[in-house]
Amino acid sequence: MTSREIVIIGGGIIGCTTAYYLTHHLSASTAKITLIEASLNGPAQGASGKAGGLVARWAYPKEIVDVSFEEHVKLAAEHNGKDRWGWRYVKCGSWQGRGEELVPPEQQGVKGNKSLEKELGLPGGQKPTRQSRRPKNSEGLPDDLLWVKEDLTDSYTAMAKDGNTAQVHPYLFTTSMFELAKDRGLNYLNGKVRTILKKDGSVSGVEYINPATHETERLVATDVILAAGAWSPSIVDELPITATRAHSITIRPKEGITIAPYVLFTEIEDPQASTRSSPEIYARPDNEVYACGPGDDEPLPPTVDDVVVDQASCELIHSHVSSISEQLRDGTVERRQACYLPTVSTGGGPIIGEARQIAKGLFIGTGHTCWGISNGPGTARVLTELVMDGKVKCANLKQMNPSKYL
C-alpha cells in the first residue's frame, strides 16, 4: 500500500542518484516516487552530462566525500560500472610548463576567468603556486604520459595516491542511475516546476508547466526533494545559490593514438603573450579526451535547454590544450558545450538536508559546485536516509544543513 508520495525535482546527478537509492530502499514499496525534469531531452542535459566525471577521495567537503567515494565503488561493482559508465581509477597530476603556438591574438579577449574551485579540495585549501611546486615537488613527467610534450614540461606533481582518484562518464553514469531507478518503479514526468505547494506547514505537492499543453498542473506530494542544481532558486528563492557557466570540449585523437589514463590540472605559460591558462584535461576509457576551462558569469537561462555555447570559449580551450600536446592538436573536436554549476554564494556548501524552516517534508540537495558527480551518490544516500528513515546514519552533515543557509 502506498503511504508516501515522493517527488524529486531535477534529473541531474543528484536527482537521478537519489531516485536510485530511494527505489532500492527497503521501504520503497510503500512509496510512489516520481522524478520531474524540465528538459525536453530528458535527464543529464546540464552539468551532470557535460562534466569531467572526476571522482576523488581528496574532494571536498570531507563529510560527504568519505561516504560518496565508497558508494561509487559499490555501485560500479554491483552494476558493472566499468563497461556501463566508464568507471576506472586514474592517475591525477598537476602539470606546469610552456605552450607553443598558443592563442591567436583575436582570442585573447574571450571572457571566462572564474575558477571552478576544484583546487579547494587539495591539502591547504588552494592550488599550489608555480614557485612552491616547481623546485620541491616535481617528480618528472611519468614515463607513460606520452600525450604531453616532455620538452615543454617544467614540472609534474602527483596530486593524490593511487586509488584515491577515479572517473566516470558523467552522462552515462547519470542516465544509468535513472534507468536503474526506473527498473525499480520510478515514475518520470517532463515539466518545469514553478512552485512547491504547502499546507499547514508541510509540503503538499508541486505545481508545474506541462510542456505538451503549456498548462499549469499539480502533483500531490508528501515529500519533495529539490535537486535542480543552478535552477533551484527559481523554485525556492531563499536558496543562496549562484550559477557559473563553464565551457568544455571533447577531442577524439586520430586512429591508432592511445591516451594514457591521466587527469591533468595544468598551468600553461604563453611566453609570447606573457599569459597563463589552466585547463583541466581528462583522458577517458574510450580514448576520448575531455577538457574544460574557467567559468564566467553569463546569466542563467530559463531552462537547461536554453543554455548558449560560446564557440570562441571552446576554441580557446582547444588552443590551450593543443599547445602542449600534438595528439590533442591533431585530434577532432567532437563536442563544444557549456553548462552551469551551482555554488553557495555565502560560502561553504553544498546544501543538503530538510528545510523545515520553509516546510516540513522539503529536502534540499544543491550547491555542489564542480563536485556534483563525485559527491552525488553520497548526497543521494543521505537524502534517502532522511526521507525514508527520518535521520542520517551514514554521515554527520550538520555543516550542510539548510538551516545554516536559509
Side-chain angles (χ1 to χ4, degrees), residues 50-54 86 88-108 110 112 116 118 127 130 133-134 137-159 165 167 169 246-294 309-338:
K50 299 177 174 65
L54 191 65
R88 68 173 177 178
Y89 291 95
V90 293
K91 295 179 181 179
C92 183
S94 174
W95 183 95
Q96 288 186 335
R98 291 148 285 108
E100 59 183 8
E101 300 179 19
L102 261 177
V103 187
E106 63 271 17
Q107 291 188 17
Q108 296 287 349
V110 173
L116 300 186
K118 275 197 176 71
K127 197 172 184 179
R130 183 180 181 87
R133 283 186 297 182
R134 196 173 158 189
N137 301 327
S138 180
E139 302 159 2
L141 199 64
D143 291 340
D144 60 340
L145 185 50
L146 301 176
W147 50 272
V148 175
K149 284 196 170 186
E150 187 170 11
D151 61 345
L152 297 175
T153 302
D154 289 338
S155 69
Y156 173 88
T157 306
M159 290 169 58
T165 310
Q167 70 179 166
H169 188 294
H247 283 87
S248 59
I249 61 173
T250 63
I251 301 171
R252 180 70 57 186
K254 286 184 175 181
E255 189 174 351
I257 299 295
T258 299
I259 304 296
Y262 280 84
V263 169
L264 295 186
F265 288 73
T266 70
E267 186 173 326
I268 305 170
E269 182 180 359
D270 179 357
Q272 295 178 336
S274 299
T275 59
R276 292 177 183 173
S277 59
S278 302
E280 300 169 19
I281 310 174
Y282 299 68
R284 287 177 168 167
D286 64 351
N287 221 38
E288 178 183 76
V289 178
Y290 171 97
C292 63
V309 178
D310 180 59
Q311 297 297 327
S313 294
C314 293
E315 292 307 317
L316 190 62
I317 296 170
H318 188 218
S319 294
H320 287 152
V321 300
S322 295
S323 73
I324 63 172
S325 170
E326 287 185 6
Q327 291 85 343
L328 301 185
R329 182 187 309 170
D330 295 340
T332 301
V333 177
E334 293 187 330
R335 293 183 181 85
R336 296 171 175 85
Q337 55 197 13

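All values below were derived from every heavy atom in this structure, side-chain atoms included, with hydrogens, water molecules and symmetry-related copies excluded.
- C314 and S248 get closest at one heavy-atom pair: SG-O, 4.0 Å.
- Of all the heavy atoms in G293 and I317, the pair that sits closest is N-CD1, 3.4 Å.
- Under a 3.5 Å cut-off, the side chain of S319 and the backbone N or O of E315 do form a donor-acceptor pair.
- For I259 against N287, the heavy-atom pair with the smallest separation is N-OD1, 2.9 Å.
- I281 is not listed as a side-chain neighbour of W95, based on a closest heavy-atom distance of 4.5 Å or more.
- Taking each heavy atom of Y262 and P142 in turn, the nearest pair found is OH-CB, 3.1 Å.
- Under the 4.5 Å side-chain criterion, counting only non-hydrogen atoms from C-beta, F265 is not in contact with T157.
- Remark: K254 does not engage E326 in a salt bridge, criterion side-chain N to carboxylate O under 4.0 Å.
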Derivation of the side-chain contact (heavy atoms from CB on, under 4.5 Å) call for Y156 and L264:
CA-CA 9 Å; Y156 173 88; L264 295 186; 3.7 Å; yes

Going through the checks in order, is the side-chain contact (heavy atoms from CB on, under 4.5 Å) test met by Y282 and V289?
CA-CA 6 Å; Y282 299 68; V289 178; over 6 Å; no

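- The minimum heavy-atom distance linking S323 with L152 is given by the pair O-CD1, 3.4 Å.
- In this structure, the side chain of Q167 does not engage the main chain of G52 through any donor-acceptor pair within 3.5 Å.
- Side-chain atoms of S313 never come within 3.5 Å of backbone atoms of H247 as a donor-acceptor pair (strictly under, hydrogens ignored).
- Taking CD1 of I251 as the reference point, atom OG1 of T332 lies at 9.5 Å (rounded to 0.5 Å).
- Side-chain contact check for R276 versus R98: every heavy-atom pair is 4.5 Å or farther apart.
- With hydrogens and angles disregarded, a donor-acceptor distance shorter than 3.5 Å links the side chain of T153 to the backbone of K149.
- D144 contributes no side-chain N or O that, together with a main-chain N or O of A260, makes up a donor-acceptor pair within less than 3.5 Å.
- T165 places no side-chain N or O within 3.5 Å of a backbone atom of V90 that could act as its donor or acceptor partner.
- Environment of CG in D151: crowded, with over 12 heavy atoms of neighbouring residues, nucleotides or ligands closer than 6.0 Å.
- Atom-to-atom distance recorded for K91:NZ and L145:CG is 9.5 Å, nearest 0.5 angstrom.
- Formation of a donor-acceptor pair under 3.5 Å by the S325 side chain with backbone atoms of S322 is not found in this model.
- From L141, atom CG reaches atom OG of S155 across 10.0 Å, with rounding to the nearest 0.5 Å.
- Scanning all heavy atoms of the two residues, the minimum distance from Y290 to K50 falls at OH-O, 2.9 Å.
- With values rounded to the nearest 0.5 angstrom, T250 atom OG1 is found 9.0 Å from R336 atom CZ.
- Residues passing the side chain to side chain donor-acceptor pair (under 3.5 Å) test with E150: none are found, sequence neighbours excluded.
- Between E334 and R252 there is a salt bridge, since at least one side-chain N of the basic residue sits less than 4.0 Å from a carboxylate O of the acidic one.
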